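Here is the structure we will look at, set down as structure tokens.
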There are 2 protein chains.
Amino acid sequence: MGEINIKRLASELNLSAATVSRALRDSHEISAETKARVMEMAKKLNYEPNPFASSLRRQQSKTIAVIVPEVANNFFSLAIKAIEEVARAKDYHVLIYQTHESGEIEASFMTSLLSGRVDGVLISPASHVANKEYFQKVSEKMPMVFFDRDHADIEGVKITTDDYDSAYNATQHLVDAGCKTIGYLAALETLTTGKKRLQGYQDALKNNNLKCQPDLIVSNCENNEPCHSKIKDFISQQKPDGIISSIEELAIPCYYACKELHLNIPKDLKLITFSNLSHAELLNPPLSTINQPAFEIGNEAATILFKMFSKRWYDPNITISLKSNIIKRESTRS
Amino acid sequence: MGEINIKRLASELNLSAATVSRALRDSHEISAETKARVMEMAKKLNYEPNPFASSLRRQQSKTIAVIVPEVANNFFSLAIKAIEEVARAKDYHVLIYQTHESGEIEASFMTSLLSGRVDGVLISPASHVANKEYFQKVSEKMPMVFFDRDHADIEGVKITTDDYDSAYNATQHLVDAGCKTIGYLAALETLTTGKKRLQGYQDALKNNNLKCQPDLIVSNCENNEPCHSKIKDFISQQKPDGIISSIEELAIPCYYACKELHLNIPKDLKLITFSNLSHAELLNPPLSTINQPAFEIGNEAATILFKMFSKRWYDPNITISLKSNIIKRESTRS
DNA sequence: TTTATTTACGTAAACGTTTACGAATAAAGG
DNA sequence: CCTTTATTCGTAAACGTTTACGTAAATAAA
């Protein structure tokens, strides 16, 4: 029977395609009676307008892109959940891209978006950064919002958390719990996010007159396998009595390392981590966490993006910081 | 300076748009020399072909849709991770839709896909089912693959796990551990997935000559808040010494309920659950799980979808079952 | 040499919408 | 009565590609 398009729909109704188009878009130029006829016939024939023709003509895609390092991550999956909900409410579609922390992949995605495939971008940049100039290019062409992660040297709208404060407070919490030798598991070091967390940790140490030795900081530890032994070595050699982990993925190995080293959490070693683990309460021992408002970040970022679409947002260079929530549990009990 | 399109690119090169288009697509009709010139200029001008014009003309979108109940879920986020990777390798784009278990939302997404916005669909259907006829409509129009969840009365390509066997084996495991009164936390009851799990549980009980009372089955428990008290009431009233949970979301409340009821896992109550919790090992006590190969399911589903695109897949009605992995931990120790 | 074939490119139509412009009718104003 | 304005719809161009078809030149076959 062939596909049903607006011309066929129009001819069924003895109308022009223009009139049908306008009726479907509820234009004031069309009489109520005609609109009703069009709607009815459209429903009857299961007419679905071709989005590509529409996007081509109108120069807008009704689609946004979400670029994240990984989907399978407690934080990002929650943020995506929120973003999809906001988009759906606006009848927008959501394209998902994973960079796997690669700057090259990120660059390839971003430049492909220059084609106009999307009306806007929500991005949490990869930690392995390549060139960065594509950020500029994309944001010149369409609204773009950074969420959670960002680069200090790139302007734009950014939704982050209070990374400095929460790292500072978490470290202070360890100090208050009696820790004297506090290790830091670093990550995202190329990003503002990671830098601020590290700075919060270091400043907290200084303000408590605790030494801030470089060998208390474990870096370059974001791949999986070597990570565990690196952390285990760190614990057995430096013998920290407290650890703050800048990402969840580095805190989990601590549990295993402590088991293997027969160290008790929190007696021998107290542990707190940035995390969106939903069951931290049920771990053995319950894990103290710096909980980022992942859903709220996604929600806020998407909401602002849509405001930018409708020109109800004017500040092209602002950072909005949402508060993280430190939840003290058994793993940092003094 | 205006947007750079194929016509401008062509005029820069003193070529026709047709030649440029063919060169960019590496057509044999174009000389190597011309191709090189075109490529160079395209790169120089940062030319990105308009995907809508291309999709409109070629009648294909280079995009697939993934419809899931939730993104923020250990299972689905892993599956999506795999799907995105497969899609990226094929230069395809991935649209994400969340149904929140609503059949109406699902129906609305599916019918909107009839517009041709995507070349194929990967779907894990909502548990609250509405009409179902849209499954037929969509699969008539484009390749579609069910993953994890499916409806028995709908034909199609389905990638599932061995729900019956794994539920049976998990129940048997509880029996072997000495359980006599084994409760079942039901979910997904409208789906084949849920029915098979329940059947596996029931058959295992029968084959072990254990009574299979209806009041050992907790149903309609997929919303969050009422769920906890329902499970707590169930445990305190029916006093099961073993529980198998058909989804992770129902197992977690058991931990809290047992705490509140001062019951010890596994001494008073043994617990095993379908789950993709990555840190089940670290829970208190470590949780026995029926681990579904989420990544592999996503990978397999996406791979088959692409085979369907290229007509290298012929069976329109087949169910491929991947094996789940039962991991016995402290929570079911006898 | 003539004819057939291949190579390399151009012309123009097509994909299915949307919208600027125009026109016809009806209503209102003078 | 004529003129203006509002209402409602149609015509045709435009969005940026792709591709069927045609063609000129070069090469091969005869």
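Please read these numbers as outputs of a predicted model, since none were measured by experiment. Letters go in sequence order (proteins before strands), and every chain restarts at 1.
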Side-chain donor/acceptor pairs under 3.5 Å, residues 85-93 of chain B, sequence neighbours excluded:
unit_1: Glu85(B); atom_1: OE2; unit_2: His100(A); atom_2: NE2; d: 3.4
unit_1: Tyr92(B); atom_1: OH; unit_2: Asp119(B); atom_2: OD2; d: 3.1
unit_1: His93(B); atom_1: ND1; unit_2: Tyr97(A); atom_2: OH; d: 2.6
unit_1: His93(B); atom_1: NE2; unit_2: Arg117(A); atom_2: NE; d: 3.3
unit_1: His93(B); atom_1: NE2; unit_2: Arg117(A); atom_2: NH2; d: 3.2

Query raised in the report: In chain order, what residues pass the side chain to side chain donor-acceptor pair (under 3.5 Å) check against Asp315(B), with sequence neighbours excluded?
Result: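 Once residues adjacent in sequence are excluded, Asp315(B) has no partner under the side chain to side chain donor-acceptor pair (under 3.5 Å) criterion.
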
Decide yes or no for [X] and [Y]: does some side-chain heavy atom of the first lie under 4.5 Å from some side-chain heavy atom of the second?
{"X": "Asp153(B)", "Y": "Lys132(B)", "result": "yes"}
{"X": "Val157(B)", "Y": "Trp313(B)", "result": "yes"}
{"X": "Ile6(B)", "Y": "Pro49(B)", "result": "no"}

Run the side-chain donor-acceptor check on residues 22-32 of chain B: report pairs under 3.5 Å with partners two or more places apart or on a different chain.
unit_1: Asp26(B); atom_1: OD1; unit_2: Lys35(B); atom_2: NZ; d: 3.0
unit_1: Ser27(B); atom_1: OG; unit_2: Glu29(B); atom_2: N; d: 3.0
unit_1: Ser31(B); atom_1: OG; unit_2: Thr34(B); atom_2: N; d: 3.2
unit_1: Ser31(B); atom_1: OG; unit_2: Thr34(B); atom_2: OG1; d: 2.8

Query raised in the report: What residue pairs, at least two apart or across chains, pass salt bridge (charged side-chain N to carboxylate O under 4.0 Å, His left out) with a residue in residues 56-81 of chain B?
Result: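 Non-adjacent pairs meeting salt bridge (charged side-chain N to carboxylate O under 4.0 Å, His left out): Glu70(A)-Lys81(B), Lys81(A)-Glu70(B).
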
Tell me every residue that passes side chain to side chain contact (heavy atoms under 4.5 Å, CB included) with [X], counting only those two or more places apart in sequence or in another chain.
{"X": "Asn5(B)", "result": "Lys7(B), Arg8(B)"}
{"X": "Pro69(B)", "result": "Phe76(B), Thr99(B), Glu101(B), Ser124(B), Arg149(B)"}
{"X": "Ala301(A)", "result": "Leu122(A), Val145(A), Phe147(A), Ile159(A)"}

Report task. With heavy atoms under 4.0 Å as the rule, sort Arg25(A) into base, sugar-phosphate or nothing. Result ->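 Result for Arg25(A) = sugar-phosphate.
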
Report task. With heavy atoms under 4.0 Å as the rule, sort Ser21(A) into base, sugar-phosphate or nothing. Result ->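 The residue Ser21(A) makes base contact.
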
Report task. Measure the angle between the two terminal helix axes of the helix from dT1(C)-dA30(D) to dG30(C)-dC1(D), five base pairs each, and quote it to 10°. Result ->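 Axis-to-axis angle, ends of the helix: 50°.
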
Report task. Would you grab the first and last nucleotide of DNA chain D (5' to 3') that comes under 4.0 Å of any non-hydrogen atom in chain A? Result ->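 First-to-last contact on DNA chain D, by the 4.0 Å heavy-atom rule, is dT8(D) to dG16(D).
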
**Report entry** Residue whose closest nucleotide on DNA chain C lies nearer the 5' end, Glu29(B) versus Ala53(B)
**Finding:**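 The residue whose closest nucleotide sits nearer the 5' end is Glu29(B).
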
Query raised in the report: What pairs with Phe135(B) under ring-ring contact (aromatic ring centres under 6.0 Å, His included), at least two apart in sequence or on another chain?
Result: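 With sequence neighbours excluded, Phe135(B) shows a ring-ring contact (aromatic ring centres under 6.0 Å, His included) to Phe146(B), His151(B), given in chain and number order.
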
**Report entry** Residue Glu33(A) excluded, over 12 heavy atoms near CD under 6.0 Å
**Finding:**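 Open: at most 12 neighbouring heavy atoms sit under 6.0 Å from CD of Glu33(A).
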
**Report entry** Gln60(A) atom CD, over 12 foreign heavy atoms within 6.0 Å
**Finding:**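 Atom CD in Gln60(A) is packed in, count exceeds 12.
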
Requested in this report: For DNA chain C, determine which residues of residues 35-52 of chain A have any heavy atom closer than 4.0 angstrom to one of its atoms, and list them numerically.
Outcome: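 Tyr47(A), Pro49(A), Asn50(A) - these, ordered by number, are the residues of the stretch whose heavy atoms sit under 4.0 Å from the strand.
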
Query - Stretch residues 55-63 of chain A: residues that reach within less than 4.0 Å of DNA chain D through a heavy atom - result: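 Heavy-atom contacts with DNA chain D come from Leu56(A), Arg57(A), Gln59(A).
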
